Peer 1: 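This structure is in structure tokens; I'll ask about it shortly.
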Amino acid sequence: MTLKLTTDQPFHEREQRWSEPVPEEIEKTPPSNESIEMPALLEEMIDQRIASHHQLSQDKPKPGQILRIEEVVGNQGEVLWEFAYPLAVLLEYPTDQSEIWHGWVVCHEVDYAAEWDVLLEEADRPCDPLAQMVQTWNPLEINISSTTVVLAELSEERLNAIRAMADEYELRPEPDTKRAVPGSIMDRYLGDLRLLTGTPLGGEDDPRWRYQSLYREVAGKINQACGSEATGSSLFDRLITQLIDAASTLGESLIPMPFVPQALGAKTSKTQVFQLEDILRLEVYPPPGDRTLQVRVEILGDHHLQASVSAGDLILQSEALGPAHPKADFFLTVDKQTLQLIDDMGKKRLEWTPQASD
């Protein structure tokens, strides 16, 4: 084929025509001295990033700092995975392991703000454009080695406002879907505190449900990375000791029982199981990184029991257990919620508030 083309006269003529410029077909564009202006929003984001880089102290970690996360580091210092796009975290306090801090996920997608997302405002500057919104519904624990630069630093007053919103979320009612306006923001008041948030979540077609699901999954993976055997055991052992002491205070004795995993949804082998006389059985599952305990209460025989979880004077969950409804699962936030068990004679058999510190 190559030999045929090289000896093909029409081919050479066409090749010659293609290689020669045709002046009348060439549009000459006069040179322009005008520069293209950068979009105002992009220019503002660049200014924010430069300001945060030069004005913020990089002395970390401190409560109120928002730190950039580019990779997740395990408790042995190993890099478990890297993010294709960086995240951020607002630090609240160190856990019983000083390198592990509790906080909340921080993101930049304010168009997806819901009623429990707190937007940063002018008073919070300087802040990097990556740090625009605190997800008070999405707590996490993270190894400080997973973080890099300081993106923002909130005042103590603002951090307390974030805490108040997170506490409010724990007592949240069902969202008022009639007030859902995706992409909009509104003023929220907690006492004298004013916060800027999104609107409540709407129906199933509200894209913010999927958005939150994705971010919860990310936070869950970061929490798991911090959930080493040593860290989990240390906290969990203290909580179990507190449970036994709480029963003893009421004159009750919790008898340890073997844990038998079920075929579906089996829990970790660290699950603790107790029996209280012939009345009930308790299964306590180790907390994930967000410090939420799962407790399964199961009635034995034909006994009856009222089981409830409360936060202060507010009852969050209440179950009447008996032969027709023998067991129920309860979820307790450490340091904030109480499990109470009362038998059919009105006697209190257990009152337990799990606490992270003794």
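Note that the coordinates shown come from a computational prediction; the quantities given were computed from them, not determined experimentally.
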Peer 1: Do Leu190 and Leu195 have side-chain heavy atoms sitting under 4.5 Å apart?
Peer 2: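 Result yes, sub-4.5 Å side-chain heavy-atom pair found.
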
Peer 1: Between the side chains of Arg194 and Glu121, is the shortest nitrogen-to-carboxylate-oxygen separation below 4.0 Å, so that they form an ion pair?
Peer 2: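 Between Arg194 and Glu121 there is a salt bridge, with a charged N closer than 4.0 Å to a carboxylate O.
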
Peer 1: Walk me through whether Arg158 and Asp124 qualify under salt bridge (charged side-chain N to carboxylate O under 4.0 Å, His left out).
Peer 2: CA-CA 8 Å; Arg158 283 291 276 169; Asp124 299 315; 2.8 Å; yes

Peer 1: Please determine, by modelled atom types, if Glu92 and His102 share a side-chain donor-acceptor pair under 3.5 angstrom.
Peer 2: yes

Peer 1: Find out whether Ile222 and Val89 are in side-chain contact, i.e. whether some heavy atom of one side chain is under 4.5 Å from a heavy atom of the other.
Peer 2: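 Heavy-atom side-chain distance check fails, nothing below 4.5 Å.
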
Peer 1: Is it true that Ser318 and Gln306 share a donor-acceptor pair across their side chains at a distance under 3.5 Å?
Peer 2: yes

Peer 1: Using a 4.5 Å cut-off on heavy atoms from C-beta on, say whether the side chain of Phe83 contacts that of Glu70.
Peer 2: no

Peer 1: Between Glu109 and Tyr112, is there a side-chain heavy-atom distance shorter than 4.5 Å?
Peer 2: yes

Peer 1: Would a 4.5 Å heavy-atom cut-off, applied to side chains only, mark Asp117 and Gln212 as touching?
Peer 2: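 Yes; the side chains approach each other to less than 4.5 Å.
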
Peer 1: Does NZ belonging to Lys336 count more than 12 external heavy atoms closer than 6.0 Å?
Peer 2: yes

Peer 1: When the ring centroid of Tyr169 is compared with that of Trp137, is the distance short of 6.0 Å?
Peer 2: no

Peer 1: Would the distance check show the side chain of Asp206 and the main-chain N or O of Gly202 forming a donor-acceptor pair, the cut-off being under 3.5 Å?
Peer 2: yes

Peer 1: Within the 3.5 Å criterion, strictly below it, is a donor on Tyr285 or Glu283 matched to an acceptor on the partner's side chain?
Peer 2: yes

Peer 1: Using the side-chain contact (heavy atoms from CB on, under 4.5 Å) rule, pick out the option among Leu350, Ile255, Ile244 that qualifies with Phe274.
Peer 2: Ile244

Peer 1: Nearest 0.5 angstrom please: Arg216 CZ to Asn223 CG, how far?
Peer 2: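 Spacing of CZ (Arg216) from CG (Asn223) equals 12.0 Å.
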
Peer 1: About how many Å separate OG of Ser146 and CZ of Arg68, when rounded to the nearest 0.5 Å?
Peer 2: 14.0 Å

Peer 1: Going by heavy atoms in the side chains, are Leu196 and Asp187 under 4.5 Å from each other?
Peer 2: yes

Peer 1: Please identify each residue that fulfils salt bridge (charged side-chain N to carboxylate O under 4.0 Å, His left out) with Glu252, with sequence neighbours left out.
Peer 2: Lys347, Arg349

Peer 1: Should Arg281 and Pro326 count as side-chain neighbours, where that means a heavy-atom distance under 4.5 Å?
Peer 2: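 Arg281 vs Pro326: side chains apart.
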
Peer 1: Is it the case that Arg163 places NZ or CZ above or below the six-membered ring of Trp104, under 6.0 angstrom from the centre and within 45 degrees of the axis?
Peer 2: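 No, a cation-pi geometry is absent between Arg163 and Trp104.
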
Peer 1: Return the CG to CG distance between Leu280 and Leu300, rounded to the nearest 0.5 Å.
Peer 2: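 Between Leu280 CG and Leu300 CG, I get 6.5 Å after rounding to 0.5 Å.
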
Peer 1: Would you give the length of the straight line joining atom OG of Ser308 to atom CG of Leu341, rounded to the nearest 0.5 angstrom?
Peer 2: 7.5 Å

